[in-house]
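The structure under discussion appears below in the form of structure tokens.
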Amino acid sequence: MRQLLRRGQGRISGCVWLVLLAPCTWFTMVPLVACYSFARSARVRAHRLFPPHGHRAVDDRQVLRVQKARAWIAAVMSLLLLAVYGTPEDAVEARELYLMRLAVTPPLLLLSAPVVIAVLFRWASDQTRSAMRVRVRAALRSAGWYIGAVTALPLLGGAIVLLGREQEASSGSPGAAPWLIIAAALPLVWLLFFVGFATGPAIRTGFNTAAVHLALPALLTGTLVWEFTVISLLAGGLPPGPPVIQVLAVLGGPASVTAVAWWEIRRLRARHGVTLRA
């Protein structure tokens, strides 16, 4: 609004002033502006903790092209498998498994990353370990922010519900608590925006573990894909089709991801001198 008035000074017509000063305009604009301010603040904080392109410590375009090609081939093969052998129930199950993976990815990554980092620590030389320790602390701080935000969401939601019930019971009037509940809900709204903006970059960067070691993104990807395979088998069973197709569908995806990840590590070793063992 300040920029609009400053740039339009002397050129704003009376009709525009009438719209800007109308009460109905402010009733609609104030919530939108407040919501935008919360979203912008949460986005700035989320991207400061988890840079959107932090996972590309080494910009290897050839590796990126191979990863995209593998992802598209996997998607096309999955759709062909459902189209040829699948039933409507299989399509619903595939959608449910996809949504489950989205929900499971952050906690699974938080559990898997320390194990992979511990293995790297054991392999690395003393000089590499000392450099990794500083970066691990920074990754732990950012992961702590994310865990705290996710944990605070249900706690704040429950506290707001209890506050509303208590205020309503003490006053005896259902309209006595709205402003208090709105004030208590502001941190909840900010945390919702923060988690929404932080989840994608946090997963891509492995909660900033990509800065700990250049090979960590590839190692984490290779680890997670096999974990997802086990989870998918336990949750949904084998994919549709003949036994040979089922085995190829189960093993082909994680095997191809592992092959691309290992090829990426070999390129890091050959081009940038990245080593896994002392």
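Source: prediction; values computed, not measured.
- The side-chain heavy atoms of Leu251 and Trp226, taken from C-beta on, include a pair separated by under 4.5 Å.
- A 6.0 Å sphere centred on CZ of Arg43 holds no more than 12 heavy atoms belonging to other residues, nucleotides or ligands.
- Annotation: Met77, atom CE; neighbour count of heavy atoms from other residues, nucleotides and ligands within 6.0 Å does not exceed 12.
- The environment of Trp262 atom CH2 is sparse: at most 12 non-hydrogen atoms of other residues, nucleotides or ligands sit within 6.0 angstrom.
- Between the side chain of Ser256 and the backbone N or O of Gly253 there is at least one donor-acceptor pair closer than 3.5 Å.
- Under a hydrophobic-cluster definition in which Ile, Leu, Val, Met, Phe, Trp and Tyr are linked whenever side-chain heavy atoms come within less than 4.5 Å, directly or via other members, Tyr98 and Leu238 are assigned to different clusters.
- When all heavy atoms of Leu191 and Ala149 are compared, the closest pair comes out as CD2-CB, 3.8 Å.
- Across all non-hydrogen atoms, the minimal contact from Arg129 to Arg122 is NH2-O, 3.2 Å.
- Residues Ala103 and Pro107 come closest through the heavy atom pair O-CD, 3.5 Å.
- Side-chain heavy atoms closer than 4.5 Å link hydrophobic residues (I, L, V, M, F, W, Y) into clusters, and following such links, even through other members, never connects Ile265 to Val63.
- Between Tyr146 and Phe207, the ring-plane angle classifies as perpendicular under the 30° and 60° cut-offs.
- When every heavy atom of Ser232 is checked against every heavy atom of Arg101, the shortest pair comes out as OG-NH2, 2.9 Å.
- With values rounded to the nearest 0.5 angstrom, Arg269 atom CZ is found 7.0 Å from Arg266 atom CZ.
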Residue pair Val119, Trp123: steps toward the side-chain contact (heavy atoms from CB on, under 4.5 Å) verdict = CA-CA 6 Å; Val119 173; Trp123 286 349; 3.7 Å; yes
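- Side chain of Asn208 to backbone of Ala143: no donor-acceptor contact under 3.5 angstrom is found.
- A pairwise comparison of heavy atoms in Ala261 and Ala218 identifies CB-O, 3.5 Å as the closest pair.
- Taking OG from Ser37 and CZ from Arg40, the interatomic distance works out to 8.5 Å, rounded to the nearest 0.5 Å.
- With values rounded to the nearest 0.5 angstrom, Ile231 atom CD1 is found 9.0 Å from Leu224 atom CG.
- Leu248 and Val257 fall into different hydrophobic clusters, where Ile, Leu, Val, Met, Phe, Trp and Tyr are joined by side-chain heavy atoms under 4.5 Å apart, directly or via other members.
- With hydrophobic clusters built from ILVMFWY side chains whose heavy atoms lie under 4.5 angstrom apart, Leu110 shares a cluster with Phe197.
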ask   = Given the rule in the side-chain contact (heavy atoms from CB on, under 4.5 Å) test, do Gln62 and Trp263 qualify, once you have shown the distances and angles that lead to the verdict?
value = CA-CA 11 Å; Gln62 189 171 351; Trp263 173 66; 4.0 Å; yes
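- Across all their heavy atoms, Pro254 and Val225 have their closest contact at CA-CG2, 3.6 Å.
- In this structure the side chain of Phe228 reaches within 4.5 angstrom of the side chain of Leu108, judged on heavy atoms.
- In this structure, Thr223 contributes its side chain and Leu219 its backbone to a donor-acceptor pair below 3.5 Å.
- Under the 4.5 Å side-chain contact rule for hydrophobic residues, Leu140 and Val115 do not share a cluster.
- Note that the CZ atom of Arg135 and the CG atom of Leu216 stand 10.5 Å from one another [nearest 0.5 Å].
- Arg48 forms no cation-pi arrangement with Trp145, by the criterion of a distance under 6.0 Å to the ring centre and an angle within 45° of the ring axis.
- Using a 4.5 Å heavy-atom cutoff, the side chains of Val260 and Glu264 are not in contact.
- Rounding to the nearest 0.5 Å gives a distance of 9.5 Å between CZ of Phe50 and CZ of Arg45.
- At least one donor-acceptor pair closer than 3.5 Å links the side chain of Ser142 to the backbone N or O of Ala139.
- Phe194 places a side-chain heavy atom less than 4.5 Å from the side chain of Leu49.
- Residues Thr87 and Pro240 form no side-chain contact, since every pair of their non-hydrogen atoms from C-beta on lies 4.5 Å or further apart.
- To the nearest 0.5 Å, the span separating CD1 on Ile73 from CG on Leu80 amounts to 11.5 Å.
- Not one N or O on the side chain of Arg204 forms a donor-acceptor pair closer than 3.5 Å with the backbone of Pro51.
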